[in-house]
Amino acid sequence: MLARSWFERDAPVVAVDLLNKLLVVDEGSDAQVSGRIVETEAYRSDDPASHSYNGPTPRSSVMFGPPGVLYVYLSYGIHSCVNVVVGAIGDGQAVLVRAVDPVDGLQVIRARRAGRGDRDLTNGPGKVCAALGIALADNGTDLTGPGVRIRVVDDGTPSPANPVVGPRVGITKAVDTLWRFRTPPR
DNA sequence: GCCAGGATCGTCT
DNA sequence: GACGATCCTGGCG
């Protein structure tokens with residue numbers, strides 16, 4: 001489990017370091033669902049595309065809280081997307097988890113994503129939440145606390161030395177800010 | 001395979 | 001009252 005200080009860094013830095021970490025969700029006492037993070041995006045309060053751009057609001061206030069906490073929001077009235085708050089308290093920084101590769105609980109993931117092929121299980125922010133069972137109710141979860149249901153784990157796999165960098169997806173502002181990061185294709 | 005359009009509702013102006 | 005940090009479906013080639 002990663003310590004809070006690990007998250008207390010600038011969003012683009014943490015976004016790269018999150019690549020190849022495991023996002024783990026407990027499923028009862030004896031089981032877990034997890035995925036290896038393969039795509040992230042960084043957001044900051046000085047960034048017009050960020051929910052934190054205009055200062056704290058009832059929705060975005062979590063982004064201004066302590067790092068290492070989940071920020072989950074509803075997108076297009078349908079899909080949940082999961083972020084990790086980073087930086088110092090008051091910064092309003094977060095990293096969006098855009099895609100993972102399934103690791104544990106593949107059967108559960110397939111069931112939650114019924115009707116989809118294995119390549120469409122977790123390759124988008126809404127799909128990651130659906131597959132791992134992360135919901136709006138998980139907004140504000142402290143990943144660094146003891147006995148939490150959701151956590152980020154370093155299994156020793158280093159983050160890629162040369163991540164693929166590109167523009168963020170689905171935004172209309174700050175399109176030229178290259179804060180999307182992916183693990184290189186195999 | 002590619003593209004256009006719809007779903008659906010909380011959040012902010 | 002408009003607009004998304006998205007996903008899925010159906011039509012067409």
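Every chain is numbered from 1, with letters handed out A, B, ... down the list of sequences.
Close placement of the A:Tyr73 and A:His51 rings is indicated, their centers lying within 6.0 Å of each other.
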For A:Arg98 and A:Glu41: C-alpha separation, side-chain torsions, deciding distance, then whether salt bridge (Lys or Arg N to Asp or Glu O under 4.0 Å) applies.
CA-CA 7 Å; A:Arg98 277 198 66 83; A:Glu41 286 179 359; 3.6 Å; yes
Walk me through it: do A:Ile150 and A:Asp138 pass the test side chain to side chain contact (heavy atoms under 4.5 Å, CB included)?
CA-CA 9 Å; A:Ile150 305 173; A:Asp138 297 307; 3.7 Å; yes
Between A:Asp91 and A:Ser45, does a side chain to side chain contact (heavy atoms under 4.5 Å, CB included) hold up when you go through it step by step?
CA-CA 7 Å; A:Asp91 279 1; A:Ser45 60; 5.8 Å; no
Evaluate the criterion side chain to side chain contact (heavy atoms under 4.5 Å, CB included) for residue pair A:Arg168 and A:Thr177; output intermediate values, then yes/no.
CA-CA 8 Å; A:Arg168 292 172 294 180; A:Thr177 303; 3.7 Å; yes
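Within residues 107-114 of chain A, no residue is approached by DNA chain B to less than 4.0 Å at the level of any non-hydrogen atom. Residues from residues 44-71 of chain A with heavy atoms under 4.0 angstrom of DNA chain C, sorted by number: A:Ala49, A:His51, A:Met63. Contacts of residues 120-142 of chain A with DNA chain C (heavy atom under 4.0 Å): A:Gly124, A:Pro125, A:Gly126, A:Lys127. Listed by residue number, A:Gly77, A:Ile78 are the residues of residues 77-88 of chain A with a heavy-atom contact under 4.0 Å to DNA chain B.
When every heavy atom of A:Arg151 is checked against every heavy atom of A:Val148, the shortest pair comes out as NH1-O, 3.6 Å. Here the closest heavy-atom approach between residue A:Arg44 and residue A:Asp10 is recorded as NH1-OD2, 2.7 Å. Minimum interatomic distance between A:Ala11 and A:Tyr43 (heavy atoms only, all atoms of both residues): CB-O, 3.7 Å. Heavy atoms only, all atoms of each residue included: A:Pro66 and A:Ile89 are closest at CA-CG1, 3.5 Å. Across all non-hydrogen atoms, the minimal contact from A:Leu132 to A:Gly35 is CD2-N, 4.4 Å.
Taking the 5' to 3' direction, DNA chain B first and last meets chain A under 4.0 angstrom from a heavy atom at B:dA7 to B:dT13.
A:Asn20 and A:Thr157 form no side-chain donor-acceptor contact under 3.5 Å, judged by distance and modelled atom types alone. If you check the side chains of A:Arg4 and A:Thr144, you find a donor sitting under 3.5 Å from an acceptor.
At least one side-chain heavy atom of A:Phe64 sits less than 4.5 Å from a side-chain heavy atom of A:Ser52. For the pair A:Asp154/A:Leu2, a side-chain contact is recorded, criterion being any heavy-atom separation below 4.5 Å from C-beta on.
As rounded to whole Å, 10 Å separates atom C1' of C:dG4 from atom CG of A:Leu74.
The ring of A:Tyr73 does not lie on top of the base of C:dA5; it is either too far (5.5 Å or more) or too tilted (30° or more).
A cation-pi contact, defined as under 6.0 Å to the ring centre and within 45° of the axis, links A:Arg9 to A:Trp6. A cation-pi arrangement, defined by a distance under 6.0 Å to the six-membered ring centre and an angle within 45 degrees of its axis, is absent between A:Arg59 and A:Tyr71.
With A:Leu143 as the fixed residue, the side-chain contact (heavy atoms from CB on, under 4.5 Å) test singles out one of A:Val153, A:Val84, A:Val69: A:Val84.
Hydrophobic clustering of Ile, Leu, Val, Met, Phe, Trp and Tyr side chains at less than 4.5 Å, counting indirect connections, keeps A:Ile109 apart from A:Val38.
For the pair A:Arg98 and A:Arg116, nearest-nucleotide mapping onto DNA chain C gives the more 5' position to A:Arg98.
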Fill in the dot-bracket string of DNA chain B, one character per base: . for unpaired, | for a pair to another strand, ( ) or [ ] for pairs within the strand, taking Watson-Crick or G-U pairs under 3.5 Å.
|||||||.||||.
